[in-house]
**Student:** 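Before I ask anything, here is the structure I am working with.
Just so it is clear, the model here is predicted, and its values are computed rather than measured. Letters A, B, ... are given to chains in the order of the sequence lines, protein chains preceding strands, and every chain is numbered from 1.
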Number of protein chains: 2
Amino acid sequence: MRAIDRAGKIATGMNSEFSFEKIAADAATRARVGRVSTAHGSFDTPVFMPVGTQGTVKALTQQMLEQAGASIILGNTYHLYLRPGHDTVNQLGGLHRFMSWERPILTDSGGFQVFSLNSLRKMNEEGVEFQSHLDGSTHFLSPEKSMEIQAALGSDIVMAFDECTPFPATREEATASLELTERWARRSKQRLSELHSDPSAAEEAGTKFVNKTQALFGINQGSTFFDLRERSLGGLVEIGFDGYAIGGLAVGEEKTAMFEVVSNVAAMMPADRPRYLMGVGTPEDIVEAVALGVDMFDCVMPTRNARNGQLFTSRGKLNIKNARYRDDPLPIDEPCRCAVCARYSRAYVRHLYMSGEILGSVLSSLHNVSFYLDTMGMIRQAITLGTFDEFRDSFLSGLARGQD
Amino acid sequence: MRAIDRAGKIATGMNSEFSFEKIAADAATRARVGRVSTAHGSFDTPVFMPVGTQGTVKALTQQMLEQAGASIILGNTYHLYLRPGHDTVNQLGGLHRFMSWERPILTDSGGFQVFSLNSLRKMNEEGVEFQSHLDGSTHFLSPEKSMEIQAALGSDIVMAFDECTPFPATREEATASLELTERWARRSKQRLSELHSDPSAAEEAGTKFVNKTQALFGINQGSTFFDLRERSLGGLVEIGFDGYAIGGLAVGEEKTAMFEVVSNVAAMMPADRPRYLMGVGTPEDIVEAVALGVDMFDCVMPTRNARNGQLFTSRGKLNIKNARYRDDPLPIDEPCRCAVCARYSRAYVRHLYMSGEILGSVLSSLHNVSFYLDTMGMIRQAITLGTFDEFRDSFLSGLARGQD
């Protein structure tokens, strides 16, 4: 398989201030360490982006996220568009200022939520009509509208508006979907470029505050068909983006199928641009995908599972509601150096859960997000030291070991 | 009115390591600044104790409480007895260690919750039989049992087991109630003394870890009858406690009636012991009660109201759900120096509420508790500087002014 990054074949991305620098590469795998620079500072990859759906990473303060080492977070275009409205966020100075988060932010395109939260949607070439899951009101999202919303939010990394190809899909469906996604990707780039360069375009869109340093990522589709994935990627690279994402995975396919796609696609992605695997995943998934050359990840799992009492540890998952933890004075995860494990016992966190206390969700979310971020730190360190392969083995065998 | 603290009339309290030192007194009012020392450190009075019902001040981490300046918190005996159980807390090293809070803790007696949360209770001289509000199981609480639970929790200040006289009460009912409370106060002191001094008594009660430095406070009753209040106080002083509380207020009586009782009782309370007005109240109430000589306060209002979107400010209460705050870039309270006002806008906090986000409760609780604690700091400073009367006027007129 050839990488689609031969000199002269990659069109320029959106933003010359956005950069990706390779710092280290693992010899035994395709894992690599890089540094992404944005107008809101830089972050090292492989990176995990906690998901701040509605302008908040659920149950955590921004200070907790900073102290846990979150270097970039994700915001959801669909949710912020509906509430409080991108216009409101824009008038208050953009999403960074609105939520008081000065580090980088990536916003998704809204497409995934439109498709997953709305059964009453109507799609055509132009875009998607959908009904708000909040009040049933009718809205229309298109590549242009998604760019206007993301420009108004002022995130550092904007995602092109794509159709997340449903799974399973026939070859014909997957082809039609990736072709639509490619046309939408082109329109996304065109519109965001206008909004950045043409003050009257931004004004017409109601955008007061404009962050001209936004980067734009294209999204690869093609379901589980390798040749369609390659074709999709070729089209995106020809349009030219600041980074490339693998979409349409973790939507119900088998894990082996997912990793086969990731392995194939990541190998073809331009080596000098960040590679982002959307919506993935468990700690195991992330370590495996890093080995395949992926740089960026996001997932609601650490926060969502935390609110359900499922905690991540170096020895696999732990359900804090289990009666065995009633008198357990140990921290959630003994080797963990997070603020929760430094101070609180399993017995206390369990008590908070059993009592329905908000602090149970707060502490569990903080631990889980810290566990993910610390894992990424260990991954970067191992790659830099040339010991990633050994790290992966010992990390995965630790997870498989389970609690005593 | 004479103070019931003439030399030779006060019996000794429980604990010689517990002390109260008067530091400053206001000339124009009965307000005073003092310092209470316990085995877990000292705190300055007038003090507000955030309520940590179930071993957590709702929605706040212990670090937030420390940084907001909470110098003592309150734990609820009734709730901790039912869940996780005082035995569990005791085996884990006591309430301080269980919840990782190394500053002083006061525990209530459980009486108030037994009376307010249970309609199916049976009371006699021995104690109260009640059904758990959690699972309907039958339990019995007595002065002895309350002391065993509080000894097991290991709090720094233990409250005697009292009957919170219902309001309204006839003279006869109030008399019978205060007499019972006095007998229960005597039994409370007797039992706590045994638990501290007799290892076999503690062992029989299942108490592994014993904090022998616990102080014991008696609770004044007598409804709105001044002579009954005086009689109740006289009885308590004769038994001898480390501090004295005014109970049976803020239970439905008029504000003027409450302040008349506080004024009368506080003037009679021993000047060399802390005076604690239980369950009070609004910022206005607290400032008024400080002027009457009260040293200690607790109330669920800052945390409960926060979860309902009602925020305390220097210009009175603010309902963050109000649509007027939708685009408001100002902090919750402009002069406030708390961690929330330093970083977040009304528009953001409102968005969190409207979106049902946990962070809305966290930030609002942190602001409200900070507002209470900062108010107490300003009160202490004004008393020390001899400007309390002016502070009170300007503080109350600010609260009355309302939002613009």
**Student:** Heavy-atom cut-off 4.5 Å, strictly under: side chain, backbone, both or neither for A/Thr56 against chain B?
**Tutor:**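 A/Thr56 touches chain B through backbone and side-chain heavy atoms alike.
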**Student:** Name the region of A/Tyr344, side chain, backbone, both or neither, that has any atom closer than 4.5 Å to a heavy atom of chain B.
**Tutor:**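 Contact with chain B involves the side chain of A/Tyr344 alone.
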**Student:** Treating A/Arg343 as the side-chain partner and B/Ser100 as the backbone partner, does any N or O pair qualify as donor plus acceptor under 3.5 Å?
**Tutor:**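 Yes; judged by distance alone, with no hydrogens or angles, the pair exists.
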**Student:** Under a 4.5 Å heavy-atom cutoff, which of A/Val57, A/Leu92, A/Asp328, A/Thr53 has the most pairs with chain B?
**Tutor:**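 The residue among A/Val57, A/Leu92, A/Asp328, A/Thr53 with the greatest pair count is A/Leu92.
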**Student:** If you count heavy-atom pairs under 4.5 Å with chain B, which of A/Ala59, A/Gly85, A/Ser355, A/Ala339 comes out on top?
**Tutor:**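 Looking at each option in turn, the highest pair count goes to A/Ser355.
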**Student:** Give, as side chain, backbone, both or neither, the part of A/Glu357 having an atom under 4.5 angstrom from any heavy atom of chain B.
**Tutor:**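 Answer is side chain: those atoms of A/Glu357 sit under 4.5 Å from chain B.
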**Student:** Mind checking the CG-CD spacing from B/Leu359 to A/Gln54? Nearest 0.5 Å is all I need.
**Tutor:**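 Going from CG on B/Leu359 over to CD on A/Gln54, the span is 11.5 Å.
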**Student:** Does anything in residues 298-306 of chain B reach chain A? List residues with heavy atoms under 4.5 Å apart, or say none.
**Tutor:**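 Result: none.
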**Student:** Between B/Arg83 and A/His351 (side chain of the first, backbone of the second, donor and acceptor by atom type, cut-off under 3.5 Å), is there such a pair?
**Tutor:**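 Side chain of B/Arg83 to backbone of A/His351, a donor-acceptor pair under 3.5 Å: no, none is there.
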**Student:** Which atom names give the shortest non-hydrogen contact between A/Ser361 and B/Ile358, and what distance separates them?
**Tutor:**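 So the minimum-distance heavy-atom pair works out to CB-CD1, 3.8 Å.
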**Student:** With no hydrogens and no angle check, is any side-chain donor or acceptor of B/Arg326 less than 3.5 Å from a backbone partner on A/Thr88?
**Tutor:**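 Pair absent, no side-chain N/O of B/Arg326 close to backbone of A/Thr88.
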**Student:** In Å and rounded to the nearest 0.5 Å, what is the OG to CE distance from A/Ser345 to B/Met99?
**Tutor:**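 A/Ser345 atom OG to B/Met99 atom CE measures 11.5 Å (nearest 0.5 Å).
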**Student:** Do you know which of A/Leu366, A/Leu363, A/Val89, A/Leu60 has the most heavy-atom pairs with chain B at a distance under 4.5 angstrom?
**Tutor:**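 So the answer, after comparing A/Leu366, A/Leu363, A/Val89, A/Leu60, is A/Leu60.
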